[in-house]
Visitor: 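Let me begin by handing over the structure; questions about it come next.
Chain naming here is simple, since letters A, B, ... match the order of the sequence lines and numbering starts at 1 in each. Computed over heavy atoms, backbone and side chain alike; hydrogens, waters and symmetry mates excluded.
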Amino acid sequence: MSGFLPLALDALNYTSVLLLVSIGLVIVFGMMQVINLAHGEFFLVGAYAVLVLQGLGVPFWLTLPLAFAAGGLLGLVCDAAILRFIYHRPADTILATWGLSLAIRQAIVIIFGPSSQQVVAPLTEPVNVFGISYSSYRLAIIAIAIAVAAVVFAVLYKTAFGLAARAAMANRPMAQCLGINTRRLDRVTFSLGAALAGFSGAVMAPLMSVDPQMGMGFVLPAFLSILVGGVGSPAGAIWGSVVIGGSTTAAASIWTPVIAQIIVFSLSIAIIRFLPAGLSGLRRK
Amino acid sequence: MLEIEGLISGYGKGASVLKGIDLKAAKGDRLAIMGRNGMGKTLLAKTIMGLVRPSAGKVKFDGIDITGQHAHSVSNMGMAYVPQGREIFGDFTVLENLRMGVIGKPGLTLDLDRIYGWFPILKERERQRAGTMSGGQMQQLAIGRALIGRPKLLLLDEPSEGIQPSIVHEIAEKLRMICAEEGLTVIVIEQNFDMVEILAERVAFIENGKITGEVPVVQLAADPDLITRHMGL
Ligand SMILES: Nc1ncnc2c1ncn2[C@@H]1O[C@H](COP(=O)(O)OP(=O)(O)OP(=O)(O)O)[C@@H](O)[C@H]1O
Ligand SMILES: [Mg+2]
């Protein structure tokens, strides 16, 4: 029990943040059929936003909404400057978002240098949970990430905006014929996805070394999550993140992180092989 | 209400399928368009709706030039589209599908009672996933979803397709009644003369990308050979 609980909490921590990153990927893909290779850089921008803001003396908890806003704003700019012109050519968007990711990462290297930097965690005292001592900051992240994900899903599944967005994902031309301005929805969802990635980068910043490569560590598993969960449905991101987050944490605790990656990749391939529509495809059968 | 002049349109970069369509419908008109498979009837509907951009020609709706406008603007100007194959949102409930008919339209409320009055089955199935309904029920949902947005013009593409004759008859009668009640203008693309006879007053025939003739429905009903001749069969 004493070995299992911290592991479960670590898995929950990783899964909940992974979910926030995955939501952005899945809604952007669902909406625009854009595979956003720059998603990890929004994560990066969120982490660096915390670094900069902390340097300016802004309290940590205040940097989180600001990082969310920074990611969202950058997403808006990217949509207005690039995606707007090419979103109807999916192959080109892969190249464009890849180029965008290189550009953002290089800009960060130029401004902040290539080396890793540290962000100070706001909560450092471990707390007692069910008899074990566990990082209070990690516990806070779990609560925050789950709360944010819950709000996002409430928006997607309970509001008129969410209904329109899901309709545009399911049948874009028909949504347009019913009066939905799908371009405006694209812009909002892309920006929301970027904001969530920025937010994720910000909450993870105190736990990771902040360097220009840190986005990779989350964005690759996030891609796996949405493939495993099924790209057709935002809710699929939940199942995907649980599978990827859970198996990664469990395998890494038993073997090395490299072996864990191999196992998680194999597991993902097996799931996608047998369930091409991902885990959310199960419900539709 | 709708004026189409010299409309030339095609899919993608391929050759034009529509090669100069001229068509007019006044307010309250009930016009059917008939033609063989592959003659570009659906393409005509998509071009009117703004899903496909024409390479030449003009579409005027309610006095306004809508050529090349986005489908969402055309929809918001009061054109409702019931596409071939219905295109309801299969994963959504019946109610959510109906809500889709109004959420893009500022100032409209969800007047369900009006729709349920015409199509009681939709009320019964309100919470059912729309993709699990029968073809006829889905068609009623597609029509209800179009009407709940309070359109001025209803554009239907083969509403009888895949539906048993008795239900076709029922839907046709209901549509006719609704159009009379609401003063709706209707353009219906159809192969099924039962539907056409009940719903339309006039039939335009489309062949090889052009309108080849217009005939009053009563005349076609009296002389069925006219249809085969006009369709080029
Ligand atoms: N997406 C597409 N890309 C290229 N060509 C297409 C596409 N869809 C249809 N076509 C072609 O365009 C022509 C017109 O098609 P359209 O669907 O408008 O015909 P239709 O009159 O509605 O036929 P039907 O009676 O079978 O519904 C056909 O020759 C068809 O093969
Ligand atoms: Mg057709």
Visitor: Pick whichever of B/M79, B/R145, B/H70, B/M49 has the most heavy-atom pairs under 4.5 Å with chain A.
Guide: B/R145

Visitor: If I measure from the heavy atoms of chain A, does B/Y81 come under 4.5 Å with its side chain, its backbone, both, or neither?
Guide: both

Visitor: Is there a donor-acceptor pair under 3.5 Å between the side chain of B/T47 and the backbone N or O of B/L43?
Guide: yes

Visitor: Could you look at A/R183 and say if it's the side chain, the backbone, both or neither that has a heavy atom under 4.5 Å from chain B?
Guide: neither

Visitor: Could you check whether the rings of A/Y157 and A/F153 sit parallel, tilted or perpendicular, using 30° and 60° as the cut-offs?
Guide: parallel

Visitor: Please look at B/M100 and chain A and tell me whether the side chain, the backbone, both or neither of the residue comes under 4.5 angstrom of a heavy atom of that chain.
Guide: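 Both backbone and side chain of B/M100 come within 4.5 Å of chain A.
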
Visitor: Within the 4.5 Å heavy-atom criterion, are B/H72 and A/T182 side-chain neighbours or not?
Guide: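 They are not in contact (no side-chain heavy atoms under 4.5 Å apart), so the answer is no.
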
Visitor: Taking the ring centre of each residue, are A/Y14 and A/F218 less than 6.0 Å apart?
Guide: yes

